[in-house]
Student: 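Below is one structure. I have some questions about it.
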Amino acid sequence: MSEIGLGAMQLSISGRPDHDQGVATIHAALDAGVTLIDTADAYCLDDSETGHNERLIGAALRSWGGDPSDVLVATKGGHVRPEGRWEVDGSPYHLRAACEASLTALGVEAIGLYQFHRPDPSVPYAESVGVLGDLLDAGKIRMAGISNANPEQIREAQEVLGGRLVSVQNQFSPAFRSSEPELRLCDELGIAFLPWGPLGGASRASEVGSRFSAFAEVASAHGVSPQQVALAWMLALSPVVIPIPGSSRPSTIEDSVAAADLQLTDDEVERLSAS
Ligand SMILES: NC(=O)c1ccc[n+]([C@@H]2O[C@H](COP(=O)([O-])OP(=O)(O)OC[C@H]3O[C@@H](n4cnc5c(N)ncnc54)[C@H](OP(=O)(O)O)[C@@H]3O)[C@@H](O)[C@H]2O)c1
């Protein structure tokens with residue numbers, strides 16, 4: 001797995017680029033060595049086009065000149081988009097149907113990594129996560145993950161899945177550090193931790209340096225962008241961390257991928273963590 005993944009959400013939600021730019025962004029990520037692409041059935045404008053992002057990724061993988069067999073596409077189920085709103089449905093009925101629809105949208109026989117998108121307060125967590133176990137057993141998905149989970153839910157999912165939970169995807173960025181207990185727990189359990197919104201989201205990603213001076217200073221010392229420093233800092237926190245920065249054009253994902261080669265000193269990591 002590449003140390004940096006591509007978060008593909010920006011290619012399908014409001015403000016998205018056109019199809020060709022979306023494909024070019026995914027191709028740029030793949031050309032730069034990215035082997036993890038994060039998506040979800042709910043990355044679309046509304047439920048009239050559920051699976052938009054998955055279909056785009058499927059098309060981009062098929063038209064790419066390289067070998068896509070090493071690329072892990074991680075999708076999710078559990079969110080629905082009536083009239084563009086973000087709502088949850090963690091019922092077993094919905095998750096089974098959502099997985100079938102994702103298989104079709106991606107054009108694959110088995111999904112590499114399937115993540116339960118967000119806990120649904122109206123459905124016992126074990127019931128939602130239990131569906132992932134059934135999908136693993138049926139060979140519909142190769143690996144199972146969860147997202148937006150707290151430490152208790154991570155432990156519960158690990159138990160429900162009989163030790164087969166491989167990843168947790170939570171919000172984590174210089175501006176949002178409250179998922180640190182989950183990051184530490186994943187480190188302890190040897191489960192991948194995928195920080196989502198690692199640069200603070202599309203509307204604030206450009207402000208990493210202006211909002212967090214330590215990130216700007218370290219960036220200037222290395223001659224790189226503050227965004228690259230943010231990603232390198234996360235990578236330095238634990239070997240289980242795989243950030244999935246979003247991108248809607250080739251140049252930003254290319255800059256983000258270079259974070260894997262940026263070596264921060266222990267002092268710099270400490271300073272960034274304390275900032
Ligand atoms: N599990 C969940 O509930 C959940 C929720 C939200 C997101 N996610 C996942 O996490 C991914 C990332 O989150 P996000 O896209 O919301 O936020 P983000 O990664 O924090 O920010 C994305 C923005 O950062 C900019 N950017 C990326 N790399 C950059 C660089 N090196 N220098 C300067 N700007 C850079 C991009 O600009 P350009 O657009 O100009 O390229 C993009 O608009 C999503 O794509 C999605 O896969 C998951």
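In listed order, ligands and their atoms are each counted from 1.
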Student: Atoms of ligand 1 less than 4.0 Å from Ser247 heavy atoms?
Tutor: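 Per the distance check, 41 (O).
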
Student: So which atom in Ala105 and which in Gly51 form the shortest heavy-atom distance, rounded to 0.1 Å?
Tutor: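 Heavy atoms of Ala105 and Gly51 come nearest at CB-O, 4.2 Å.
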
Student: Just so I know, are the side chains of Leu136 and Tyr114 near enough to count as touching, which here means a heavy-atom distance under 4.5 Å?
Tutor: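 SC-SC contact between Leu136 and Tyr114 ruled out.
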
Student: Residues in salt bridge (charged side-chain N to carboxylate O under 4.0 Å, His left out) with Glu159, at least two apart?
Tutor: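 Expected list: none.
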
Student: Which of the numbered atoms in ligand 1 are under 4.0 angstrom from any heavy atom belonging to Ala8?
Tutor: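 Once the distances to Ala8 are compared, the set is 45 (O), 47 (O).
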
Student: I'd like to check which ligand 1 atoms, numbered from 1 as shown, lie under 4.0 Å from a non-hydrogen atom of Arg118.
Tutor: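 Checking each atom against Arg118, I get 3 (O).
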
Student: Between Gln228 and ligand 1, does any nitrogen or oxygen pair lie at a separation below 3.5 Å?
Tutor: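 No, Gln228 has no N/O under 3.5 Å of an N/O on ligand 1.
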
Student: For Lys76 and ligand 1, answer yes if some heavy atom of the residue is under 4.0 Å from a ligand atom, otherwise no.
Tutor: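 Under 4.0 Å: yes for Lys76.
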
Student: Counting heavy atoms only, which of Pro195, Ser256, Gly201 is nearest atom 18 (P) of ligand 1?
Tutor: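 The option holding the nearest heavy atom is Gly201.
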
Student: What is the nearest protein non-hydrogen atom to atom 41 (O) of ligand 1, stated with its residue, atom name and distance?
Tutor: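 Checking every protein heavy atom, the shortest distance to atom 41 (O) of ligand 1 gives Thr252 OG1, 2.6 Å.
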
Student: Applying a strict 4.0 Å limit to heavy atoms, is Ser173 in contact with ligand 1?
Tutor: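 It does not; every heavy atom stays at 4.0 Å or beyond.
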
Student: Check each of Pro245, Ala205, Gly246 against atom 36 (C) of ligand 1 and report the one with the nearest heavy atom.
Tutor: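 Answer by nearest heavy atom: Gly246.
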
Student: Under 4.0 Å from any heavy atom of His117, which atoms of ligand 1 are there?
Tutor: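 Listed by number with element, the hits are 1 (N), 2 (C), 3 (O).
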
Student: Where on Met9 is there a heavy atom closer than 4.0 Å to ligand 1, on the side chain, on the backbone, on both, or on neither?
Tutor: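 Contact part for Met9 vs ligand 1: both backbone and side chain.
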
Student: Which value, rounded to the nearest 0.5 Å, describes the distance between Leu194 atom CG and Gln171 atom CD?
Tutor: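 Those atoms lie 14.0 Å apart.
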
Student: For Gly200, is at least one N or O under 3.5 Å away from an N or O on ligand 1?
Tutor: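 Yes; at least one N/O pair falls below 3.5 Å.
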
Student: I need the contact type for Asn170 against ligand 1. Using non-hydrogen atoms and a strict under-4.0 Å cut-off, is it side chain, backbone, both or neither?
Tutor: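 Answer for Asn170: neither.
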
Student: Identify the protein heavy atom lying closest to atom 38 (P) of ligand 1, giving its residue, its atom name and the separation to 0.1 Å.
Tutor: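 Protein heavy atom at minimum distance: Ser248 OG, 3.4 Å.
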
Student: Can you tell me which residue and heavy atom of the protein come closest to atom 8 (N) of ligand 1, and the distance to 0.1 Å?
Tutor: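 The closest one turns out to be Tyr43 OH, 3.3 Å.
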
Student: Is it the side chain, the backbone, both or neither of Ser147 that has a heavy atom closer than 4.0 Å to ligand 1?
Tutor: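 Side chain only.
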
Student: Thinking salt bridges, do Glu49 and Arg81 make one under a 4.0 Å N-O criterion?
Tutor: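 No salt bridge links Glu49 with Arg81.
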
Student: Does any N or O atom in Arg249 lie less than 3.5 angstrom from one in ligand 1, N or O only?
Tutor: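 It does: an N or O of Arg249 is found under 3.5 Å from an N or O of ligand 1.
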
Student: Tell me the protein heavy atom at minimum distance from atom 11 (C) of ligand 1, and give that distance in Å.
Tutor: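 The closest heavy atom on the protein side is Ile244 O, 3.2 Å.
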
Student: Please identify which atoms of ligand 1 are closer than 4.0 Å to at least one heavy atom of Leu199.
Tutor: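 Heavy-atom distances to Leu199 below 4.0 Å select 18 (P), 20 (O), 24 (O), 26 (N), 27 (C), 28 (N), 29 (C), 35 (C).
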
Student: When you look at CG of Asp266, are more than 12 heavy atoms from neighbouring residues, nucleotides or ligands closer to it than 6.0 Å?
Tutor: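 Open: at most 12 neighbouring heavy atoms sit under 6.0 Å from CG of Asp266.
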
Student: Please list, in number order, the atoms of ligand 1 under 4.0 Å from a heavy atom of Gln227.
Tutor: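 Result: 30 (C), 31 (N), 32 (N), 33 (C), 34 (N).
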
Student: Checking side chain to side chain contact (heavy atoms under 4.5 Å, CB included) for the pair Tyr43/Ile57: CA distance, chi angles, key distance, verdict?
Tutor: CA-CA 11 Å; Tyr43 294 165; Ile57 292 165; over 6 Å; no

Student: Return yes if a side-chain donor-acceptor contact under 3.5 Å exists between Glu268 and His222, otherwise no.
Tutor: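 Yes, a side-chain donor-acceptor pair sits under 3.5 Å.
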
Student: Would you mind telling me if ligand 1 is within reach of the side chain of Gln171, the backbone, both or neither, using heavy atoms under 4.0 Å?
Tutor: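 Gln171 to ligand 1: no contact under 4.0 Å from either part.
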
Student: Does either side chain, that of Asp267 or that of Thr265, offer a donor lying less than 3.5 Å from an acceptor on the other one?
Tutor: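 Checked: Asp267/Thr265 side chains show no N/O donor-acceptor pair below 3.5 Å.
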
Student: Considering heavy atoms of the protein only, find what lies nearest to atom 31 (N) of ligand 1 and give residue, atom and distance to 0.1 Å.
Tutor: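 Protein heavy atom at minimum distance: Asp255 OD2, 2.8 Å.
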
Student: What is the minimum heavy-atom distance between Pro17 and Gly22, and which atoms define it?
Tutor: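 Shortest heavy-atom contact: CG-N, 4.3 Å.
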
Student: Quick one: look up the protein heavy atom nearest atom 13 (O) of ligand 1 and list residue, atom name and how far away it is.
Tutor: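 Closest protein heavy atom to atom 13 (O) of ligand 1: Gly197 N, 3.1 Å.
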
Student: In terms of residue, atom name and distance, what is the protein heavy atom nearest to atom 10 (O) of ligand 1?
Tutor: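 Of the protein heavy atoms, Trp196 CB, 3.3 Å lies nearest.
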
Student: Is there a polar contact, in the sense of an N or O pair closer than 3.5 Å, between Ile253 and ligand 1?
Tutor: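 Looking only at distances, the answer is no, because the N/O contact criterion of under 3.5 Å is not met.
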
Student: Is Arg184 salt-bridged to Glu180, going by a charged N under 4.0 Å from an acidic O?
Tutor: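 A salt bridge is present here (some side-chain N lies under 4.0 Å from a carboxylate O).
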
Student: At a 4.0 Å threshold, what atoms of ligand 1 neighbour a non-hydrogen atom of Gln10?
Tutor: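 The list of qualifying atoms is 14 (P), 15 (O), 16 (O).
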
Student: Ignoring hydrogens and geometry beyond distance, is a side-chain donor-acceptor pair present between Glu54 and Ser102 at under 3.5 Å?
Tutor: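 Note: Glu54 and Ser102 side chains meet the donor-acceptor criterion.
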
Student: Nearest 0.5 Å, what's the CG-CG distance between Leu36 and Asp70?
Tutor: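 It is 12.5 Å, given to the nearest 0.5 Å.
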
Student: Report the distance from atom CG of Leu11 to atom NE2 of His19, rounding to the nearest 0.5 Å.
Tutor: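 Answer for the CG-NE2 pair, Leu11 versus His19, is 11.0 Å.
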
Student: Considering only heavy atoms of Asn148, which atoms of ligand 1 have at least one such atom less than 4.0 Å away?
Tutor: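 Taking each heavy atom of Asn148 in turn, ligand 1 has 1 (N), 2 (C), 3 (O) under 4.0 Å.
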
Student: With a 3.5 Å cut-off and no angle check, do the side chains of Asp255 and Gln227 form a donor-acceptor pair?
Tutor: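 Distance-only check fails for Asp255 and Gln227.
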
Student: Rounded to the nearest 0.5 Å, what separation is found between the CZ atom of Phe193 and the CZ atom of Phe172?
Tutor: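 Spacing of CZ (Phe193) from CZ (Phe172) equals 6.5 Å.
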
Student: Do Thr39 and ligand 1 have an N or O pair less than 3.5 Å apart?
Tutor: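 Thr39 vs ligand 1: no N/O contact under 3.5 Å.
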
Student: With no hydrogens and no angle check, is any side-chain donor or acceptor of His117 less than 3.5 Å from a backbone partner on Gly77?
Tutor: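 No; judged by distance alone, with no hydrogens or angles, the pair does not exist.
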
Student: Of Asp38, Val229, Val224, which has the heavy atom at the shortest distance from atom 47 (O) of ligand 1?
Tutor: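 Shortest heavy-atom distance from atom 47 (O) of ligand 1: Asp38.
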
